[in-house]
Number of protein chains: 4
Amino acid sequence: MARPRNTESDALILAAAAETLLRSGYDGLVIDELARVVGVAKTTVYRRWPTKNHLVVSVIAGWQDEVGVAGPGGMVGGQADGTIVDAAGDLAHIATALTAIVGGMCRALDPAPMRRLVAELAAARMTDDELGSSVDRLWAERRAAIAAVLERGIASGGLRHDLDVELAMDELAGAVYYRVLITGAPLDDRYAHALVQSVLAGAR
Amino acid sequence: MARPRNTESDALILAAAAETLLRSGYDGLVIDELARVVGVAKTTVYRRWPTKNHLVVSVIAGWQDEVGVAGPGGMVGGQADGTIVDAAGDLAHIATALTAIVGGMCRALDPAPMRRLVAELAAARMTDDELGSSVDRLWAERRAAIAAVLERGIASGGLRHDLDVELAMDELAGAVYYRVLITGAPLDDRYAHALVQSVLAGAR
Amino acid sequence: MARPRNTESDALILAAAAETLLRSGYDGLVIDELARVVGVAKTTVYRRWPTKNHLVVSVIAGWQDEVGVAGPGGMVGGQADGTIVDAAGDLAHIATALTAIVGGMCRALDPAPMRRLVAELAAARMTDDELGSSVDRLWAERRAAIAAVLERGIASGGLRHDLDVELAMDELAGAVYYRVLITGAPLDDRYAHALVQSVLAGAR
Amino acid sequence: MARPRNTESDALILAAAAETLLRSGYDGLVIDELARVVGVAKTTVYRRWPTKNHLVVSVIAGWQDEVGVAGPGGMVGGQADGTIVDAAGDLAHIATALTAIVGGMCRALDPAPMRRLVAELAAARMTDDELGSSVDRLWAERRAAIAAVLERGIASGGLRHDLDVELAMDELAGAVYYRVLITGAPLDDRYAHALVQSVLAGAR
DNA sequence: AGCTAAGCGAGACGGTACGTCCAGTCTTTCG
DNA sequence: CGAAAGACTGGACGTACCGTCTCGCTTAGCT
């Protein structure tokens, strides 16, 4: 009965927002201008995302969906690592699977615009509860991927039975985000490899 | 030769800004109101710090000088862990020293206002270079404290000779900041203890 | 198609601005306060008038439309003097008509707030072209009223054929504005009467 | 007993202020910048003139002293017209003397910067009493010159005994200022001549 | 010759207004 | 009802001047 939403607008807005976010950061994304550029009314944006923050979350979620848990540039699809870990539970395979995931994170988060964005989202998380949970869901995906690998590792006997999975995840993901947000140190596959080795050294 | 700046104003402004920053976060700090509260003209603030960001940097720098590595609320002074590590280099002592530092971090960073602030600073770091380096210096202090302990541990034989100190620090500090900024999980001494144990498990 | 401007706001803002302008002069008109008084956001004012000057122009233009040549407080309508001059062209009637107009000017311009305003507008005229032409249009109305009378006087033979109408107007209006702006001398009907007599003495 | 003021500073400040005033108008004259340009402390300016307005008045007064009542570009010195009028009181000589004075006014006030300045002073007059009287004194000089001529004209029988001198002056000076401030019409010697003729026509 | 009051430069300071920028909401009219 | 257009509230930001003040130094002229 009612006029249906123009789904094309969704895509256009997201695309433009994504580009602007990467190019100019959170503050550089101005809803007014975004709408103008896309050729859409500001209301159309706000009807879909109640807040600038929500829109930003959507953009990032889109990036994840687009490239799997590994983030843009990554290559580990959900089913793929499942298969790998199912096939073999021994330490080498666990390391390989983790390195793939962590490496994907590194490649995804290394670029400066992405770092800025992650920082801004972390800040937004603190003030805005609703957005907070959205952002949490975002981060949670990669966390779950790591958890899956670790738990299969435990199940397969490659890792200690009393391994604190939470803690191991904090160390892995934490080190990466620490470099992203706090030290600004570079992130690449080599670092991912070393990090995984180091953490597994205490998890065997 | 000219009338000197009223250094008391500097102090009052910084104090008020610090308090507001902790209580209300970056956005809660409004220059106009700050000036009013301190009883100073807005121009007096802007004469000292050309931008809100510059002021925030000063506040943080002040925290550093004031409280050492532990940050506001923390209590780990340089001499304390120095003494501990000097006294004995074996693993138990290393663990104790690290737990003290990491526990200090946890207690300092756990409160919500502090989390918000850290996140906002991490974000500001990305855009504003000047502020960035100031923030970096801030974080660097704790990092140095951890490094010192680790290196003495290596020297004393308590830790592996080929231990990647950088990596170990990333794991320790990273896990903490990860919880502060990304997962929002609580931080306390128990966590600090477990974290240190876990990391040392792979460092022996 | 879009939401139309609230025309009531226009009116309210103009009214409040007009009152403030008369009571407190140009500098006494503060946009921030104006908006507050009217109960409107400052942006709503700036959307309509990009500058304080533009707003002042609008106010003045409003006065024109509202009160005719006589200005605020004046009372000489177009038809009144028209009738008079139509009825008889001889000198006495010309003098009466002119005295009415000039007297209206005197009464309108005599009060201190009006003097201040006229002076401020004369000053603004010089810097701001847009505002200048608006102000010019304002002054022009009275000038035209005087010119009409003089020209009918010439046509009816009451005044010299070679009378320089421009010059006579300069003398009449000039004397009034001179007192308004330069000497500060009082203006009333008696003065208007004497002035008209004096100028007509040389115009017969 | 104390160190005397540096009179050279007075001159330099006045000169710079004069130039700026003519080039950039009242608002373009910024005390801070003036002091910087002259190479003098702001206090040195304010010690001499308590207010920007006072300084501006001084500048204008300087112009008068410099060139006699006729203003910059004029040439009728006090003694000159005295001599002229003393020599002969008949109408032709009165007209000549008045034309000289009024012509001087025209030449002095015609340039756009001067118009702006006069307008700004007229506005300042209204708000600032102290400055008002200074400005009044300024205008009064030319007025006095005209009055002198008219009164001698009356004494010599060239002008009517019952001539209202005030009114005649208002007409003469008023027409000029009216063009300066209100209509923006050009002013030159031809206009001065016509104006004097017209006013004298009713004064005989 | 030395004391001292004032001049001077430099620039901090309080105060006040301006005009700008955005986020998010509300109000129309059209399809 | 969805969409386009854009008005509206609300609040902060940084800028610009004015006129006052406080330093420390310099200098003329009285004692």
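The structure displayed is predicted, hence computed values, not measured ones. Letters A, B, ... mirror the listed sequences (proteins, then strands); counts begin at 1.
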For nucleotides 8-13 of chain F, 5' to 3', base contacts (B), sugar-phosphate-only contacts (S) and non-contacts (-) with protein non-hydrogen atoms under 4.0 Å give BBB-SS
Verdict with supporting geometry, C:S9 and C:R5, side chain to side chain contact (heavy atoms under 4.5 Å, CB included):
CA-CA 8 Å; C:S9 291; C:R5 288 205 183 156; over 6 Å; no
Could you go step by step and tell me if A:W49 and A:V59 meet the side chain to side chain contact (heavy atoms under 4.5 Å, CB included) rule?
CA-CA 11 Å; A:W49 299 277; A:V59 169; over 6 Å; no
Where do A:L55 and A:I13 land on the side chain to side chain contact (heavy atoms under 4.5 Å, CB included) test, with the steps shown first?
CA-CA 9 Å; A:L55 170 58; A:I13 294 169; 4.3 Å; yes
Kindly indicate, with the supporting measurements, whether the criterion salt bridge (Lys or Arg N to Asp or Glu O under 4.0 Å) is fulfilled by A:K42 and A:D32.
CA-CA 6 Å; A:K42 201 164 46 147; A:D32 253 313; 3.6 Å; yes
Start with the C-alpha gap between B:D136 and B:R125, add the side-chain angles, then the distance that decides, and say whether salt bridge (Lys or Arg N to Asp or Glu O under 4.0 Å) holds.
CA-CA 8 Å; B:D136 288 351; B:R125 225 191 69 99; 2.3 Å; yes
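The separation between D:I13 atom CD1 and E:dG7 atom C1' is 12 Å, rounded to whole Å. The nearest whole Å value for the distance from the CD atom in A:E8 to the P atom in F:dG2 is 18 Å. When the P atom of F:dC17 is taken as reference, atom CG of D:L34 falls 13 Å away, rounded to whole Å. One can place CZ of D:R36 at 11 Å from P of F:dC17, the figure rounded to the nearest angstrom. Taking atom CG on D:L55 and atom P on F:dC17, their separation rounds to 16 Å, with Å as the unit.
B:M126 places none of its side-chain heavy atoms less than 4.5 Å from the side chain of A:Y26.
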